[in-house]
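Worksheet for the structure shown next.
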Protein chains: 2
Amino acid sequence: MRASDRAYSSLREDIIEWRLRPGAVLAEVEQSERLGVSRTPVREALGRLTAEGLTTAAGGRGVVVTDVSLESIDELFELRETLEVRAAALAAQRGEPAVFSELHSQLLRAPELLSEEDPGRHKYYDLVGQLDEAIDAAISNSYLATAMRSIRVHLVRIRRLAADDAARLHAAAAEHAAIAEAIAGGNPRLAEAATIVHLHRSLTHVKAAHQAR
Amino acid sequence: MRASDRAYSSLREDIIEWRLRPGAVLAEVEQSERLGVSRTPVREALGRLTAEGLTTAAGGRGVVVTDVSLESIDELFELRETLEVRAAALAAQRGEPAVFSELHSQLLRAPELLSEEDPGRHKYYDLVGQLDEAIDAAISNSYLATAMRSIRVHLVRIRRLAADDAARLHAAAAEHAAIAEAIAGGNPRLAEAATIVHLHRSLTHVKAAHQAR
DNA sequence: AATCATCACTATGTATACACTCGAGCTATG
DNA sequence: CATAGCTCGAGTGTATACATAGTGATGATT
């Protein structure tokens, strides 16, 4: 693995996990010493992060971790809804029903995954990730997939902030199941509606958690 | 201006203007000699281009200019429609009517711009660009704006390929005028419809031109 | 004759040294 | 006392030298 990839992954993790808080200044020399690589790969990593919007160049003062404001959350979800509503509709038209049927039944059993001892809820989030991947694959549009991937990074960071409680995760699993069911049924309009409902509730939850801080 | 910015702009121009054809290999040393800078800024420029999708890393063999296939055009327009239809609706809800009213009347006079001696149609494309910027500003959503900017680069490259004829440009101006009018009138549904019509015709025209090659 | 292994070359990946720009803080002057 | 200019410094921007990996060709072997 290339040093620049390791530097990128490491910094990305640190930002997503809130170990590097918004406003934190990432100086090239400082980070290169911390990560044990030279400035060159660190520089490339910072460039990638800035392109993704996780950091912004602060002219001559290094790059700083971007802020997560209420407005930015609203804006992010506006784009997210635009893309995912369309994605759900396209998946309903083009996807393999069997794939989404299987995901649907798995999502209905999601409460089992959440009851287990698993602080990170890894199995649950893996399952949700599988739904995302299945939708990406069903659409088979690299531009659309790239656009959705680029917002998922920000969503993970916000999710960490929201500290999802069990009740919300149970409800979210049911909403995901409804989306999978609509896609499996080949019903674009229903898939759109289920996605709109899910995103609306998700946004409400996230904003409430954000304001609580 | 930084050397890496110049290298980036120069390479981007070369790709968009089809001086660098799809499949062309961009070796770092070769380009650094051609552009008169060292490998470092060239490397950064190539990284940015690859992130945008204008080039792809071809492991060990340098980066190559991405191909423009019929399928990729379809995919690009699918994302474009998703974003711009939503953008038009939001602009109709949030925009200043006066701004779009002015653009509407200017677009109706577009044929004057096209009749002049101007092989590049710069004044015409400037006007269309102003409409794009006005929509971006009206929406005031940086994520959405970024997503739309990222596809415009590819559109310009495709446009060069299409070799727009006067007839198509006259029709396109009228379609743009219709979009501006709908936004000025604060009618989201109409703005969506006008955008769908415009993008459908634009895609048909581009694909015909692409197949002619 | 075909296929596999090896070798050399080429191009990228990384480290480091140097140049330059932008800011902050201090000093001198009105 | 306030403000403008200067100096110093930290940090990025660029160049170059070195390490490394991947690829293509060439030769030998089956």
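Given the structure is predicted, the values throughout are model-derived calculations rather than measurements. Residue numbering restarts at 1 for every chain, and letters A, B, ... go by the order of the sequence lines.
- In this structure, A:Glu33 places its CD atom 13 Å from C1' of C:dT16, rounding to the nearest Å.
- Per the geometry, CE belonging to A:Met1 stands 15 Å off P belonging to D:dA21, to the nearest Å.
- A:Glu28 has its CD atom 15 Å from the P atom of C:dT14, to the nearest Å.
- Near DNA chain C, meaning a heavy atom under 4.0 Å from it, residues 37-55 of chain A has A:Val37, A:Ser38, A:Arg39, A:Thr40, A:Pro41 in order of number.
- As rounded to whole Å, 18 Å separates atom C1' of C:dA15 from atom CD of A:Gln31.
- Between the C1' atom of C:dG13 and the CZ atom of A:Arg2 lies a distance of 8 Å, rounded to the nearest Å.
- With contacts defined as side-chain heavy-atom distances shorter than 4.5 Å, the pair B:Tyr125/B:Val156 does not qualify.
- Summarising the local packing, CZ of B:Arg21 is surrounded by 12 or fewer heavy atoms from other residues, nucleotides or ligands at distances under 6.0 Å.
- Listed by first and then second residue, the side-chain hydrogen bond (donor to acceptor under 3.5 Å, both in side chains) pairs that reach into residues 89-105 of chain B are A:Glu78-B:Arg94, sequence neighbours excluded.
- Within the 4.0 Å cut-off from OP1 or OP2 of D:dG13, not a single side-chain nitrogen or oxygen of B:Ser4 is found.
- B:His198 and B:His176 have tilted rings, their planes meeting at an angle from 30° to 60° on a 0 to 90° scale.
- With a 4.5 Å cut-off on side-chain heavy atoms, B:Arg86 and B:Leu90 count as touching.
- Taking atom CG on B:Asp5 and atom C1' on C:dC20, their separation rounds to 15 Å, with Å as the unit.
- Among B:Arg34, B:Arg160, B:Arg157, the single residue meeting the salt bridge (charged side-chain N to carboxylate O under 4.0 Å, His left out) criterion with B:Asp14 is B:Arg34.
- The separation between A:Arg6 atom CZ and C:dG13 atom C1' is 12 Å, rounded to whole Å.
- Taking only side-chain nitrogens and oxygens, B:Arg61 never comes nearer than 4.0 Å to OP1 or OP2 of D:dT23.
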